[in-house]
Protein chains: 2
Amino acid sequence: MATIYEVSKLAGVSLATVSRVLNNNTPVREATRLKVMEAVDKLGYHPNSVAQSLASKRSNSIGIVVSELNGPFFGTLLSDIEAAFRRAGKHVIIAAGHSDEKLEKESIEFLQSRNCDALILHVEAVTDEFLTELAAKDIPFVLLNRFVDGLSDRCVTLNNQHGGYLATNYLLSHGHQRIGYISGPMWKHDAEQRYFGHLRALAQHNVNPQERLFYEGDYHEEGGAAGLHALLKADPAITAVVCANDEMAAGAITSAREAGLSLPGDLSIVGFDNVNFSHYMFPKLTTVDYPIGSMGMMASRWVLKNVYQQKLDDIQTVFEPRIIERESVARPRVTAQ
Amino acid sequence: MATIYEVSKLAGVSLATVSRVLNNNTPVREATRLKVMEAVDKLGYHPNSVAQSLASKRSNSIGIVVSELNGPFFGTLLSDIEAAFRRAGKHVIIAAGHSDEKLEKESIEFLQSRNCDALILHVEAVTDEFLTELAAKDIPFVLLNRFVDGLSDRCVTLNNQHGGYLATNYLLSHGHQRIGYISGPMWKHDAEQRYFGHLRALAQHNVNPQERLFYEGDYHEEGGAAGLHALLKADPAITAVVCANDEMAAGAITSAREAGLSLPGDLSIVGFDNVNFSHYMFPKLTTVDYPIGSMGMMASRWVLKNVYQQKLDDIQTVFEPRIIERESVARPRVTAQ
DNA sequence: TTGTACGCGTTATCAA
DNA sequence: TTGATAACGCGTACAA
C-alpha cells in the first residue's frame, strides 16, 4: 500500500500539502493540486483510515446496539441506518444486546473501546441512571424507542401509548366489546405504554377493563399462543384480541385455529409493529405501523448533525403510529352484552 | 482517556512493560505485573484500539457484505457471525451489496479502505474473475453460498442442487406428477442449481419436464404471486408447486387463494430456505432447510483460523440441506395422468 | 526481565 | 500558499 509519503515524494511536494488536497480544507494552488492528484492516481493511493483516525481523533464509525440482529424488526432498522451512514462515508459497527442488562452494558463498552464517534442505542434492560451517567461521558449517543428524562433531545421515540389506543379503538369502533389483551413484558416501557393506550380507548368507550382479559406475554410467538389459550379459557366469549406485537399475533392465530375458531369471523385480531411478514400471515394481519426505518434514519441524522456537524433540518423526536387495515378484523357475530 | 504512558508513569515502569502485561506475550515478573494492573485499574485505562491497529497492522475488524440487511435470511446469518467474533474480541462491519454488481464492488472497496483484517462475502452479481483477482490482493476473504474455481478452500456453500432435488422428490413421493416450478433469477448460481436438482428428481421418477411448468421469478413475494398465476393459466391441472425460496412461496400461497384453491388440498406447495417466518404462514410451509446460521459460523471459523491463527478443527465447506415437513403438502386428489 | 527508541500513516500547528 | 515537524497511542526490535 502506497502511503502519503510516497505520494508527496512523487509529486515533489510536502506531506502537508498532500494532506491538504486530499481533505481540501485549505486553499491549494491548482497546479500543485493537479500534481498531487496525478501522483495519487499513479500510485493507486488510498488513505489509511486507521492512521487518519489516530491523528484526527475521529474513527468515522458509529456503534449500534440492538436487541437482536435477526428478526424482522431490526433488519429494517439496520438497513436504513447503514444506508444513511454509507452515503456519508461512515461505517457502522453492530452489537446485539439481547434485552439483557449485562449484555447491553458489555455491548456498549465494546463499542466504546472501538472508539466510535457516536452510538445509536436500542436498549431495554439497562437503567435510566446508567444512561444518564453514560451521557456524562465523552461518546455522544441517541436513544431509540426510549425516553429518559433529561436526555429528551436525544430520544427518538414512538408514541406507543397512542398506538395501543389505535389498536383497541379500531376494534371498538368495529363493534367489539369483549377484547382480550396480550401484552409484552410489562417491565419494558413500550409494553407498558401500549397497554395504557388500550385502557384509554376502553375508558373512552365506557368499557370496563377486566383483569381476566389481560395476559402478559413475552413478545414472542409462544407467548401469543399461550396468551390466546389462557384468554379463551378465562372468557370463551371474547370476540377480539389485541396483541402487543405481530409475533405474538402469529402465535395467537395458530392457537385460535387449534381451538377451532375461524378467523376473523369468530375472532378478530390486531397486531402491533407491522413487521415485514405481517402480510404473509393468514388472514393478513391488521396492525399498528411502527415506522422503525424512519426512526433509524432520524437517529442517523441526529448523529450526522450533532457529531459530524452536517447542516440538517431539525430532528423529529416523536413518531406517530397509524393503523394498517388488512383482513384480520371483522365485526363480531353478535354484539357482546 | 488515560494512555499507556500515564499508566507506565504511575506504575513506575516503562511503556514497553505496560504493553507486555496488557498483551501478556512476554514473560513479566509477577510483582511488576501487579503494579501495572493496579495502575490500570486506578486510571480506568482502556487501550485505544485505533492506536493498537496502527501499530500492529491489525484492525481486529471483519467486513461483511450481504445482499440485504433486512429480510429474514441475512438476519440469522449476521446474528451468528457477530456472536462468533464478539467472543473473540473482534468486531464486524456490515455493508449491503443489494445484489448489484456496482454496489457490491463499492461495498468491498469500502470495507478494504476500512482496513478490515478479513472479509466475509455473500455476493451474487460480481464476476468470478473479479473474485479471483481480489484473492490476489492482500485482504483474505471467505465466500458464502458461492463456489469459484481455484478458491474452493474459501467457499462455504450449500448443496443447492440437492436441495432442489429434495423438494421435488418430496412432492413426487407424495404422488404428485404435474409439478410447477417457480425459480429464482436464473443468472444466480443458486437458482440455477436448485432448478437442476428439480430436473434430476423429475428424471429419476420418469416425469418429463415441461417448459410451461417453469416460471422464472425474482426471489420475492411478487414473483411468487405472478408465477403461480402464470402456472395456473398454463396448466390448471397442476397439483403442486415448488418455489425456489420461501418468499415466493408466500406470494404463491396468496395467489392460489385468490384463485379459489384450498391449500394444501387443491395445491401443494414446497418452499426453500426455511426462513424464520415460514411457519407463520398458513398452511405452515413445508420447505428445504438452508442452515445459513451454521454456514455463517463456519465462515467465521475460517477467518479465526486462517487470519487470526486460532487453533480450530477443519473447516466444513459444503453443507447439506434437508426437508422440513410441515403442512403445505398433501397427496393429490386424483393422481395426474 | 526490563527499558530505549523507532515506526505505524495521518492530521494539525507553526513558521516561512 | 507551502513546508517542517510535532503529535496521535501503541507495538516491538534491540539492547541492557
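By convention in this document, chain letters (A, B, ...) are assigned in the order of the sequence lines, proteins followed by strands, and residues within each chain are numbered from 1. All heavy atoms count here, side chains included; hydrogens, waters and symmetry mates do not.
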**OP:** Identify, residue by residue, the members of residues 10-21 of chain B with a heavy atom below 4.0 Å from DNA chain D, and return them in order of residue number, or none.
**Re:**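 Contacting residues: B:A16, B:S19, B:R20.
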Original post:
side-chain hydrogen bond (donor to acceptor under 3.5 Å, both in side chains): which pairs involve residues 82-91 of chain A, sequence neighbours left out?
Top reply: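 Matches after skipping sequence neighbours: A:N60-A:K90, A:E82-A:R86, A:R86-B:S107, A:H91-B:R114.
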Original post:
Which residue pairs pass the side-chain hydrogen bond (donor to acceptor under 3.5 Å, both in side chains) test when at least one of the two sits in residues 127-144 of chain B, sequence neighbours left out?
Top reply: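 Sorted pair list: B:D128-B:R146.
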**OP:** Identify whether the distance between the nearest side-chain nitrogen and carboxylate oxygen of A:K105 and A:E101 falls below 4.0 Å.
**Re:**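 So A:K105 pairs with A:E101 through a salt bridge.
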**OP:** Take the C1' atoms of the five end pairs on each side of the helix from C:dT1-D:dA16 to C:dA16-D:dT1, derive the two axes, and give their angle rounded to 10 degrees.
**Re:**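 For the helix from C:dT1-D:dA16 to C:dA16-D:dT1, the axes at either end differ by 30°.
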Could you check how far [atom1] of [X] sits from [atom2] of [N], rounded to whole Å?
X: B:K57; N: D:dT12; atom1: NZ; atom2: P; value: 12 Å
X: B:L54; N: D:dA7; atom1: CG; atom2: P; value: 17 Å
X: A:N23; N: C:dG9; atom1: CG; atom2: P; value: 17 Å
X: B:I4; N: D:dG9; atom1: CD1; atom2: C1'; value: 8 Å

Original post:
Considering only side-chain heavy atoms of A:T26, which listed nucleotide, D:dT2, C:dT1, C:dG9, is closest?
Top reply: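 It is D:dT2.
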**OP:** Return the residues of residues 108-116 of chain A meeting this criterion: a heavy atom under 4.0 Å from some atom of DNA chain C. Order them by number, or give none.
**Re:**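 Under 4.0 Å from DNA chain C: no residue of residues 108-116 of chain A.
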Subject >> Close residues, residues 32-46 of chain B, relative to DNA chain C [heavy-atom separation under 4.0 Å] >> reply: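 Within residues 32-46 of chain B, the residues near DNA chain C are B:T32.
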**OP:** Report yes if at least one side-chain N or O of A:Q52 is closer than 4.0 Å to OP1 or OP2 of C:dT11; otherwise report no.
**Re:**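 So the side-chain polar atoms of A:Q52 do come within 4.0 Å of the phosphate oxygens OP1 or OP2 of C:dT11, strictly under.
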Original post:
Is it true that atom CD of B:E38 has more than 12 heavy atoms of other residues, nucleotides or ligands lying nearer than 6.0 Å?
Top reply: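 Atom CD in B:E38 is not crowded, with 12 or fewer foreign heavy atoms closer than 6.0 Å.
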